[in-house]
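What's counted below: heavy atoms across the whole structure, side chains too, no hydrogens, waters or symmetry copies. All values reported here derive from a predicted model rather than from experimental measurement.
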Amino acid sequence: MKSILPTTIFLLVATGFSFAARPLPRSAPEAQGVPSPAIQAFVEAADKGINDIHSFMLVRHGKVVAECWWSPEAADKPHILWSLSKSFTSTAVGLAVAEGKLDIDAKVAGFFPCDLPENPSENLNAMRVRDLLTMSAGHQPEPRLQGEDVPWVKQFLAQPVPHKPGTFFCYNTAGTYMQSAIVQKVTGEKVVDYLQPRLFDPLGIDAPKWDESPQGISIGGYGLYLMTEDIAKFGQLLLQKGKWEGKQLVPAEWVEQATSKQVRNDLAKTHTRPDWMQGYGFQFWQCRHGAFRGDGRDGQFCIVMPEMDAVVVMTAKSRQYQEQVDLVWEHLLPSFKEGILPEDQCAREKLLQAMTGLKTSGL
């Protein structure tokens with residue numbers, strides 16, 4: 001819902017101002033080939049049609065061209081990422097691989113011999129780190145990790161594995177926790193600490209919070225909190241094949257593998273949302289229109305569109321997942337143009353007004 005409050009603006013477009021350390025550059029939309037009316041249409045449709053959207057940021061050609069927050073959310077307020085955290089865990093795995101500390105074809109059981117059940121099944125023994133990355137560890141249903149009495153790694157390894165690993169897609173948050181546990185095992189650092197000098201610091205992301213298991217392991221599959229612009233920086237890094245300010249932070253080969261289709265995810269027929277049936281990479285979803293994304297519960301999205309050189313970030317507390325993505329395809333995707341568009345001050349002012357005084361539907 002929107003309430004016009006002239007003294008309160010939750011839009012920061014082309015002002016050069018951001019609460020985030022070392023912000024992304026800002027630009028007027030038209031200077032990056034995006035007409036302001038298209039962004040206005042997106043924001044108004046999201047405000048009207050999406051229950052409790054919290055923030056939106058659009059990056060084109062490496063520059064933020066639009067950003068807004070629905071009060072009480074704000075630019076300097078970290079937001080829970082839920083399963084969008086998984087994409088950061090995958091990146092930690094890729095960095096450990098690049099440093100020679102990990103092989104994704106290594107068997108999961110080999111990292112935790114003391115936590116294995118008495119008679120490990122053939123499928124459990126065959127499970128690789130690669131299978132964790134692609135949500136094809138062989139479980140059905142998804143394992144649940146909980147409580148403090150039994151270590152979460154031990155709980156995971158005790159789960160039945162009815163399918164041959166690598167052959168059956170089943171969404172698996174516990175599998176991402178295992179990736180985090182493996183990274184901690186081979187590096188001696190929690191994933192959040194391991195990523196700090198390798199990813200967060202170079203991107204100008206201040207020390208983020210990441211919830212832990214009772215055993216002191218970053219949960220991996222959820223629990224990371226970042227600001228909207230932090231997510232946008234991560235998306236831009238992926239768009240740039242892991243390069244940032246002239247430095248290769250994440251190997252380009254890993255980014256290519258992680259963000260491309262590794263397995264099918266349309267065989268289980270557990271849902272009919274089209275953008276959830278395009279394939280899965282290493283903790284990244286494939287989208288229509290040549291895009292890929294990290295996403296999380298309640299509508300947390302980092303959508304990367306390489307063909308359009310654009311990144312869209314949304315945070316929310318909504319269950320209208322496909323509807324959120326559809327708004328990107330309907331309003332933003334068709335609007336991207338090559339080259340610089342003529343300045344349109346009137347349209348810019350209307351966009352600014354549309355993004356002023358936004359409030360969540362709970363207020």
Closest non-hydrogen atom pair between [X] and [Y], with its separation:
X      : Y      : answer
Val34  : Ser335 : CG1-OG, 3.9 Å
Ala109 : Asn125 : CB-OD1, 4.1 Å
Pro214 : Glu148 : CG-CG, 3.7 Å
Pro141 : Cys170 : C-SG, 4.1 Å
Arg293 : Gln286 : NH1-O, 3.3 Å
Lys261 : Gln278 : CD-O, 3.8 Å

Does a donor on one side chain sit under 3.5 Å from an acceptor on the other, for [X] and [Y]?
X      : Y      : value
Ser318 : Asn51  : no
Asp295 : Trp82  : no
Ser27  : Gln32  : yes
Asn172 : Glu142 : no
Gln236 : Gln240 : yes
Gln40  : Glu44  : yes
Gln179 : Ser90  : no
Tyr222 : Thr173 : no

Salt bridge or not between [X] and [Y]? Use side-chain N to carboxylate O under 4.0 Å.
X      : Y      : value
Asp275 : Arg288 : yes
Glu229 : Arg26  : yes
Arg128 : Asp131 : yes
Glu245 : Arg22  : yes
Asp309 : Arg60  : no

Roughly how far, to the nearest 0.5 Å, is the [atom2] atom of [Y] from the [atom1] atom of [X]?
X      : Y      : atom1 : atom2 : answer
Tyr321 : Phe301 : OH    : CZ    : 8.0 Å
Ile303 : Ile231 : CD1   : CD1   : 11.5 Å
Ile53  : Ser55  : CD1   : OG    : 7.5 Å
Leu199 : Gln196 : CG    : CD    : 9.0 Å
Leu95  : Leu102 : CG    : CG    : 11.0 Å
Glu253 : Gln248 : CD    : CD    : 11.0 Å

Are any of the side-chain heavy atoms of [X] and [Y] separated by less than 4.5 Å?
X      : Y      : result
Leu124 : Leu116 : yes
Lys190 : Glu212 : yes
Leu195 : Trp210 : yes
Lys154 : Leu157 : no
Leu132 : Met127 : yes
Gln345 : Glu349 : yes
Val64  : Met57  : yes
Leu84  : Cys302 : yes

Quick one: do Lys209 and Leu224 satisfy side chain to side chain contact (heavy atoms under 4.5 Å, CB included)? Show the steps, please. CA-CA 6 Å; Lys209 174 188 174 184; Leu224 178 61; over 6 Å; no
How are the rings of [X] and [Y] set to each other: parallel, tilted or perpendicular (split at 30° and 60°)?
X      : Y      : value
Phe282 : Trp254 : tilted
Tyr171 : Trp285 : parallel
Phe88  : Phe234 : parallel
His163 : Phe168 : parallel

Geometric cation-pi criterion, Arg144 with Trp152: 6.0 Å, 45°: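 Not flagged: Arg144 not positioned over aromatic ring of Trp152.
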Lys NZ or Arg CZ of Lys185 over Phe111 ring: under 6.0 Å, within 45°: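 The answer is no; the distance or angle limit is not met.
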Between [X] (side chain) and [Y] (backbone), is there a donor-acceptor pair under 3.5 Å?
X      : Y      : value
Ser218 : Gly220 : no
Thr356 : Leu352 : yes
Asn265 : Gly279 : yes
Gln262 : Ala258 : no
Gln320 : Gly49  : yes

Identified side chain to side chain donor-acceptor pair (under 3.5 Å) counterpart of Gln283 within the set Thr176, Thr89, Thr134: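 Checked Thr176, Thr89, Thr134 against Gln283; only one passes side chain to side chain donor-acceptor pair (under 3.5 Å): Thr176.
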Identify which one of Thr360, Asp47, Thr315 satisfies the side chain to side chain donor-acceptor pair (under 3.5 Å) criterion when paired with Trp70.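 Testing Trp70 for a side chain to side chain donor-acceptor pair (under 3.5 Å) against Thr360, Asp47, Thr315 leaves exactly one candidate, Asp47.
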Test log, rule side chain to side chain contact (heavy atoms under 4.5 Å, CB included), inputs Leu81 and Tyr225: CA-CA 6 Å; Leu81 301 194; Tyr225 294 75; over 6 Å; no
Should we count CD of Gln215 as having more than 12 external heavy atoms under 6.0 Å?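 More than 12 within 6.0 Å, yes.
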Neighbour count above 12 (heavy atom, 6.0 Å) for Glu343 CD: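 No - once you tally the heavy atoms of other residues, nucleotides and ligands closer than 6.0 Å, there are 12 at most.
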For salt bridge (charged side-chain N to carboxylate O under 4.0 Å, His left out), just list the numbers for Arg198 and Glu99, CA-CA rounded to whole Å, side-chain angles, deciding distance to a tenth of an Å, and then say yes or no. CA-CA 11 Å; Arg198 294 165 175 83; Glu99 293 175 2; 2.7 Å; yes
What about the rings of [X] and [Y], do their centers lie closer together than 6.0 Å?
X      : Y      : value
His54  : Trp69  : no
Tyr280 : Phe169 : yes
Phe156 : Phe112 : no

Are Ile39 and Leu341 connected in a single hydrophobic cluster, I mean Ile/Leu/Val/Met/Phe/Trp/Tyr linked by side-chain heavy atoms less than 4.5 Å apart?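 Hydrophobic grouping puts Leu341 apart from Ile39.
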Could you please spell out the steps behind the side chain to side chain contact (heavy atoms under 4.5 Å, CB included) verdict for Val250 and Leu237? CA-CA 9 Å; Val250 183; Leu237 174 72; 4.2 Å; yes
What verdict does the salt bridge (charged side-chain N to carboxylate O under 4.0 Å, His left out) test give for Asp266 and Arg264, after you've listed the backbone C-alpha separation in whole Å, the side-chain angles of each residue and the deciding distance to 0.1 Å? CA-CA 6 Å; Asp266 60 344; Arg264 292 184 64 175; 3.0 Å; yes
